[in-house]
Amino acid sequence: MNQDILAELDWRGLVYQNTDEENLQHWLNAEPRTVYAGFDPTSVSLHVGNLMPLMMLRRFQKAGHKVIALIGGATGMIGDPSGKSAERNLLDENQLRCNVEGIGQQIKSVLADEENPAIVVNNYDWIKTFSYIEFLRDVGKNFPVNVMMAKDSIKSRLDGESGISYTEFSYMLLQAYDFVHLHQAFDCYLQVGGSDQWGNITAGIDLGRRMCSAKLFGITNPLLTKADGTKMGKTESGAIWLSGEKTSPYQFYQYWINVDDADAGQCLRFLTELDESTIGELDRSRENEPHLNASQKSLAEELTQLIHGDSGLASAKKATEIFFGAEISDLSDAELGHIFNDVPSAEIPQDQLQGEGILLTEAFVVAGLAKSKGEARRTLTQGGAYVNNRRESAADRKLTLGDLASETNIVLRSGKKKYALLRVAE
RNA sequence: GGGGGGAUACCGAAGCGGUCAAACGGGACAGACUGUAAAUCUGUUGGCUCAUGCCUUCGGAGGUUCGAAUCCUCCUCCCCCCA
């Protein structure tokens, strides 16, 4: 074994609940073991909230254990009631297949390791083979309903107004059976997950004992939340996705750069593989020289590199430099398009830029940076209008072909970081 | 069924015949400060205009008046109290 994985999880603060600390430690350190975590295919991409379990698996993998990522192709058709206050909408089958495929790729990329490859499985593959009768006889028989009703995930729904359907009520059986199946097929003894998964994990452990007298283990992580109580990984404009299509490497990088000081330490411990002394130094840096932003920079670099690779990190940093840097000029459309690929753009006929040109205030409206000319004028007179990152304050400033930053684009900016591209059309 | 209160700009809330594009607070936007943070401070916050100016807006439709968010009539919706 490379290292004492449990000790590492401990100093990182990653162990929230544990089914059997003493025996687990010994068992894990004795020889390579197999561990699994589940992922719901609720979307075609994983998001920042999935990083916790994903990194958990990666830590186990690095410590020399065998890891299995289970994608809930079957359970995704049902919906996990854990932590949900209301019944969920069912996904259609096509969408689900797409999602399973998409997040499978992402998981493989994060858990890539030639010597110790991760196993990615879809629980639909074994659950589909069951008939309803078989499932009730083999699995359902082992579930006392009174025990199920006592679980928080069920109880909160029974106490609440929305109730729970038989379908979601049954979710637990499927996840519990997954654990047993992985135990039988892969010799898997340990399931890890968020603290909201405790009920499902212990259900699996119970089922393992009843069906095959196995002694299974479970560990849950604390939830990753912000100091202000809101969810990590959400912005006003939505979730931060791992897919570069849905959240560009630049946006992803920026999300971490902007993490609040109060949350940075937790993020470093929970989500990166930086070692204890490095993180300790970053803690001190945050304390003594906060203006350096060292924690956020490390966090952003580590995670962007992990999710988007060297080239993704490089382009995120290049974009950051430009976004917050000096004047923009002499770039090609391709470079500009790449850097500003998240930025909204608008087209403007070429003849409007010829001769006199078009008023900057009007261009702001066309580009969507202002709702009306009045608003644009206000921004301009208050010193918040920029052309190619150069502040413009003349109320009668006009845009002409001379303002092109690349072959066909002018970069407009309102305030500190709200950009829009104005593309000249034939 | 009877009685009473209310509907105002993104939200909350003043205004109750002209000086109302409409106080104040929040939010939002911009600026300063700063660490691309937090807090703070300043400015702006219906549209068009360089602007005195014009246009649209105070639940809806009509009316009174030189003039209405403000008064009257009807309608719609909300809340409270008594049955």
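Order of the sequence lines fixes the chain letters, A, B, ..., with proteins taken first and strands second; residue numbering starts at 1 for each chain.
- For G17(B), there is no paired nucleotide, since no Watson-Crick or G-U wobble pair has both relevant distances below 3.5 Å.
- Proximity of a side-chain donor or acceptor of Asp260(A) to a complementary backbone N or O of Asp263(A) within less than 3.5 Å is not detected.
- Within 4.0 Å (heavy atoms only), Glu289(A) reaches no atom of the nucleic acid at all.
- U70(B) and G59(B): their P atoms are spaced 8 Å apart (whole Å).
- In this structure, Phe364(A) places its CZ atom 15 Å from P of C29(B), rounding to the nearest Å.
- Separation of the Tyr386(A) and Tyr419(A) ring centroids does not fall under the 6.0 Å cut-off.
- Between the C1' atoms of C41(B) and C33(B), the separation comes to 8 Å (whole Å).
- Using a cut-off of 4.0 Å between Lys/Arg side-chain N and Asp/Glu carboxylate O, Lys66(A) and Asp187(A) are scored as not salt-bridged.
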Any N/O pairs under 3.5 Å between the protein and nucleotides 36-39 of chain B? List them or say none.
residue : atom : partner   : partner atom : Å
U36(B)  : O2'  : Asn258(A) : OD1          : 2.7
U36(B)  : O2   : Gln254(A) : OE1          : 2.9
U36(B)  : N3   : Gln254(A) : OE1          : 2.8
U36(B)  : N3   : Gln254(A) : NE2          : 3.2
U36(B)  : O4   : Gln254(A) : NE2          : 3.1

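- Between the P atom of C29(B) and the OH atom of Tyr386(A) lies a distance of 15 Å, rounded to the nearest Å.
- With a cut-off of 3.5 Å on both pairing distances, the Watson-Crick or G-U wobble partner of U76(B) is A7(B).
- Although no hydrogens or angles enter the test, the distance criterion places a donor-acceptor pair under 3.5 Å between the side chain of Asn221(A) and the main chain of Leu14(A).
- The six-membered or imidazole ring of Tyr250(A) lies near that of Phe323(A), with a centre-to-centre distance under 6.0 Å.
- Base pairing of U45(B) is made with G27(B), judged by Watson-Crick or G-U wobble geometry with both donor-acceptor distances under 3.5 Å.
- Taking atom C1' on both U57(B) and G15(B), the two are 16 Å apart, rounded to the nearest angstrom.
- Atom C1' of A28(B) sits at a distance of 30 Å from the matching atom of C79(B), rounded to the whole Å.
- Not a single donor-acceptor pair under 3.5 Å links the side chain of Gln352(A) to the backbone N or O of Pro349(A).
- U57(B) makes up no base pair with any nucleotide shown, lacking Watson-Crick or G-U wobble contacts both under 3.5 Å.
- Taking atom P on both nucleotides, C78(B) is separated from U8(B) by 14 Å, rounded to a whole Å.
- A donor-acceptor contact shorter than 3.5 Å is absent between the side chain of Arg377(A) and the backbone of Thr361(A).
- Rounded to whole Å, the P atom of U36(B) lies 28 Å from the corresponding atom of U44(B).
- Checked options Val44(A), Asn94(A), Asp40(A), Leu46(A); the residue passing with Asn99(A) is Val44(A) (criterion: side chain to side chain contact (heavy atoms under 4.5 Å, CB included)).
- Spacing of P atoms, G46(B) relative to A23(B), comes out at 9 Å, to the nearest Å.
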Between protein and nucleic acid, restricted to nucleotides 45-55 of chain B and to nitrogen or oxygen atoms under 3.5 Å apart, what atom pairs and distances do you find?
residue : atom : partner   : partner atom : Å
G47(B)  : OP1  : Ser372(A) : OG           : 2.8
G47(B)  : OP2  : Arg378(A) : NH2          : 3.0
C48(B)  : OP1  : Lys373(A) : N            : 2.7
C48(B)  : OP2  : Gly374(A) : N            : 2.9
U49(B)  : OP1  : Lys373(A) : NZ           : 2.8
U49(B)  : OP2  : Arg377(A) : NH2          : 3.0

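- Counting distance only, with no hydrogens placed and no angle test, the side-chain atoms of Gln382(A) and the base atoms of G43(B) include a donor-acceptor pair under 3.5 Å.
- Contact annotation for Ser414(A): backbone-only contact, meaning every heavy-atom pair under 4.0 Å involves sugar-phosphate atoms and none involves a base.
- Applying the Watson-Crick and G-U wobble criteria (two distances, each under 3.5 Å), A32(B) pairs with U40(B).
- Between the side chain of Thr247(A) and the backbone N or O of Ile240(A) there is no donor-acceptor pair closer than 3.5 Å.
- Using atom C1' as the reference point in both C74(B) and C82(B), the two lie 27 Å apart (nearest Å).
- Side-chain atoms of Gln17(A) never come within 3.5 Å of backbone atoms of Trp198(A) as a donor-acceptor pair (strictly under, hydrogens ignored).
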